[in-house]
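What follows is a short report on a single structure.
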Amino acid sequence: MKIIKAIRILMVVISFVLVSCELDGGESLNGASTSSISDDISRGELTQAVSGVLSDMRVGLSTHNDVKSIFGREYYYFTSSDPRYEGDVVVGNLDNNTFYVTTPWGARYATVKNINLILEGLDNTTADFSAAEIAGARGVLNTLKAYELLMLSDNQHDNGIRVDVSDSENLGAFLDRSAALSSIAGLLDSAAGELGSAGDSFAFGLSSGYSGFDTPQTFLQFNRALMARVSAYQGDYTTTLAALNASFFDLAGDLDGGIYHTFSLSGQDIANPLFIALNQTANVRVAHSSFVTDVQDGDTRLEKVVERDEPREATGLVGTHDVALYGSNVDNIPVLRNEELILLYAEANMQTNPGEAVAALDVLRTAAGLPAYTGTTTPAALEDEILYNRRYSLFGEGHRWIDMRRFGRLSDLPNDRSTDNVPSAIPVPANENK
């Protein structure tokens with residue numbers, strides 16, 4: 001796994017030494033060396049290191065999201081700097097040694113590596129941390145590691161990922177989708193136990209993207225929300241419902257309530273990489289035409305795209321509407337929102353309690369200006385309705401391709417050119433020893 005070995009030095013140095021990002025008011029990410037982190041982490045280093053992880057999680061986010069959204073035929077990304085987005089990615093003929101494969105892989109594993117260094121430091125620390133403080137740090141870090149591994153598995157599917165990468169000289173085996181999800185679920189459960197032993201507060205701060213989820217009890221709700229997503233992907237709806245019950249899921253709550261990546265223009269922090277002003281020509285994200293034509297009359301979620309002054313065309317692909325999810329280059333990008341949890345609740349009930357599934361879907365339909373659902377309540381009909389609402393509620397957040405794959409419906413996704421194809425997985429990078 002040569003890339004992981006190479007990024008051990010490069011990405012960790014970037015995260016802890018070279019980058020001086022400031023998250024929410026000025027804590028510098030400069031300072032700690034990787035050896036001092038892993039050998040004997042101090043209180044000050046823990047705060048810096050956790051901030052570094054939250055910053056790391058944003059690296060490569062635009063490439064990761066763009067590729068999944070293109071595969072899901074949510075939008076196209078036309079950029080004058082790299083035609084491979086409308087070539088390789090839309091065609092589905094993927095080069096295993098190219099940025100759209102290696103960037104998400106390298107960025108996510110760099111974050112995992114940094115987390116492992118901190119966990120090692122917690123094992124070796126001589127600082128005056130209490131047992132509860134160490135449990136809290138481990139619970140947060142293992143939850144974030146599970147999230148990063150899930151993003152990798154979403155991309156790689158049955159091409160597989162390595163979950164055990166704590167020893168770069170003795171890497172674990174590649175796990176297919178089923179085994180990877182089982183391992184990620186186990187990691188989330190272990191982290192939940194750690195958070196349950198963490199007392200009332202953490203020994204470090206989190207960014208404002210975790211506002212309301214910055215104590216062991218509330219961060220555990222985030223952990224359980226992730227577990228709900230994982231167990232739904234596994235088709236284990238009993239566990240999904242149990243996890244939702246312990247999460248921040250709320251049928252009457254704010255649909256946008258949840259956890260976010262944050263951005264700013266201060267210091268050397270980064271701006272939101274998914275923001276593009278409307279009606280640009282050189283670089284644009286344009287909605288797939290079917291997002292506009294398939295919408296139900298009156299669905300206000302169509303406002304996530306805005307009609308362009310003039311269509312944008314590239315190699316036979318045409319977009320008439322710009323993606324308008326973000327109004328500025330400092331807007332937050334969601335990690336997980338209550339709206340997704342409501343959709344997971346509907347999915348978990350669609351076979352055993354269809355009335356409850358419809359009630360959950362009607363929360364979203366009403367919020368989107370649509371009438372209550374009046375269709376049949378067979379599992380097939382509810383699956384269609386759930387996928388429709390997931391498509392419009394979670395547009396551009398990287399879910400559509402995964403959803404269509406897990407329901408066996410990739411062939412339903414449209415191809416605008418005879419050469420186009422939707423792949424089922426991203427290949428393992430060429431330099432990895434599988």
Side-chain angles (χ1 to χ4, degrees), residues 53-54 57 61 65 108 111 115 136 138-154 180-196 198 202 206-262 332-350 356-357 360-361 363-364 367 386 389-390 393-394 397-400 402-403 406:
V53 166
L54 298 180
M57 290 173 69
L61 191 60
N65 199 77
R108 303 286 65 78
T111 305
I115 290 171
R138 293 186 63 86
V140 167
L141 292 165
N142 280 320
T143 298
L144 298 179
K145 180 161 70 169
Y147 176 77
E148 295 291 280
L149 291 170
L150 181 59
M151 289 186 72
L152 281 161
S153 181
D154 285 345
L181 288 177
S182 293
S183 184
I184 292 166
L187 183 58
L188 285 170
D189 281 340
S190 177
E194 291 164 337
L195 291 165
F202 292 127
L206 297 169
S207 78
S208 64
Y210 293 79
S211 178
F213 302 93
D214 50 5
T215 68
Q217 294 79 16
T218 53
F219 196 91
L220 178 58
Q221 294 177 349
F222 169 43
N223 173 287
R224 292 296 84 189
L226 281 176
M227 186 64 181
R229 182 192 287 181
V230 171
S231 57
Y233 287 178
Q234 293 174 303
D236 179 1
Y237 293 133
T238 299
T239 300
T240 302
L241 290 172
L244 286 170
N245 189 53
S247 76
F248 60 93
F249 159 70
D250 186 354
L251 284 173
D254 181 1
L255 299 183
D256 289 326
I259 295 85
Y260 289 82
H261 297 295
T262 59
N332 296 340
I333 292 177
V335 173
L336 200 159
R337 300 186 293 117
N338 185 43
E339 191 161 6
E340 180 190 348
L341 299 184
I342 293 173
L343 285 159
L344 290 174
Y345 182 74
E347 181 183 332
N349 279 291
M350 68 179 177
E356 194 67 16
L361 290 168
V363 169
L364 305 185
I386 287 166
N389 282 280
R390 286 186 67 88
S393 284
L394 306 179
E397 296 180 28
H399 293 274
R400 178 69 170 167
I402 299 161
D403 290 341
R406 65 193 180 95

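Below, all heavy atoms of this structure are taken into account, side chains as well, without hydrogens, waters or symmetry copies. Residue numbers count from 1 along this sequence.
- Checked against salt bridge (Lys or Arg N to Asp or Glu O under 4.0 Å), Asp250 has no partners two or more places apart in sequence or in another chain.
- Within the 4.5 Å cutoff, the side chain of Leu336 has heavy atoms near those of the Leu341 side chain.
- Only one option out of Asn245, Leu361, Val363, Leu241 pairs with Tyr345 in a side-chain contact (heavy atoms from CB on, under 4.5 Å); it is Leu241.
- With sequence neighbours excluded, the residues satisfying ring pair (Phe, Tyr, Trp, His ring centres under 6.0 Å) with Phe248 are Phe213.
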Checklist entry - So Thr143 and Leu220, side chain to side chain contact (heavy atoms under 4.5 Å, CB included) or not? Walk me through it. => result CA-CA 9 Å; Thr143 298; Leu220 178 58; over 6 Å; no
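- Every residue two or more places apart in sequence or in another chain that forms a salt bridge (Lys or Arg N to Asp or Glu O under 4.0 Å) with Arg108 is listed here: Glu148.
- To the nearest 0.5 Å, atoms OG (Ser247) and CE (Met227) are separated by 12.0 Å.
- Residues Gly212 and Thr218 share a closest heavy-atom pair of O-CB, 3.2 Å.
- Rounding to the nearest 0.5 Å gives a distance of 7.5 Å between CD1 of Ile259 and CG of Leu226.
- Under the side chain to side chain donor-acceptor pair (under 3.5 Å) criterion, Glu340 pairs with Arg229, not counting sequence neighbours.
- No donor-acceptor pair closer than 3.5 Å links the side chain of Ser153 to the backbone N or O of Leu150.
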Checklist entry - Where do Leu152 and Leu149 land on the side chain to side chain contact (heavy atoms under 4.5 Å, CB included) test, with the steps shown first? => result CA-CA 5 Å; Leu152 281 161; Leu149 291 170; 4.2 Å; yes
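- Remark: Tyr210 OH to Thr262 OG1 distance equals 8.5 Å, nearest 0.5 Å.
- Here Ser207 contributes atom OG and His261 contributes atom NE2; the two are 9.5 Å apart, rounded to the nearest 0.5 Å.
- Here the closest heavy-atom approach between residue Ala360 and residue Ile342 is recorded as O-CG2, 3.6 Å.
- Ser231 contributes a side-chain N or O that, together with a main-chain N or O of Ala228, makes up a donor-acceptor pair within less than 3.5 Å.
- No donor-acceptor pair under 3.5 Å is formed between the side chain of Asn65 and the backbone N or O of Leu61.
- The backbone N or O of Ser211 sits nowhere less than 3.5 Å from a side-chain atom of Ser208 that would complete a donor-acceptor pair.
- Between Asn389 and Leu394 the shortest side-chain heavy-atom distance does not fall below 4.5 Å.
- With sequence neighbours excluded, no residue forms a ring pair (Phe, Tyr, Trp, His ring centres under 6.0 Å) with Tyr147.
- Between Asn338 and Asp256 there is no side-chain heavy-atom pair separated by less than 4.5 Å.
- Between Ala367 and Leu255, the shortest heavy-atom distance links the atoms CB-CD1, 3.8 Å.
- Here Tyr260 pairs with nothing under the ring pair (Phe, Tyr, Trp, His ring centres under 6.0 Å) rule; sequence neighbours left out.
- Looking only at side-chain heavy atoms (C-beta outward), Tyr233 and Leu344 stay at 4.5 Å or farther from each other.
- Of the candidates Arg337, His399, Glu339, Glu339 is the only one forming a side chain to side chain donor-acceptor pair (under 3.5 Å) with Ser393.
- Residues Pro216 and Glu194 have side chains not in contact (no heavy-atom distance under 4.5 Å, counting atoms from C-beta outward).
- In this structure, the side chains of Phe202 and Leu195 come closer than 4.5 Å at one or more pairs of heavy atoms.
- With hydrogens and angles disregarded, a donor-acceptor distance shorter than 3.5 Å links the side chain of Thr240 to the backbone of Ala232.
- Side-chain contact between Leu144 and Leu54: present, with at least one pair of heavy atoms (C-beta onward) separated by less than 4.5 Å.
- To the nearest 0.5 Å, the span separating CG on Leu187 from CD1 on Ile184 amounts to 8.0 Å.
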Item to check | Full working for side chain to side chain contact (heavy atoms under 4.5 Å, CB included) between Leu188 and Arg224 | outcome: CA-CA 8 Å; Leu188 285 170; Arg224 292 296 84 189; 4.0 Å; yes
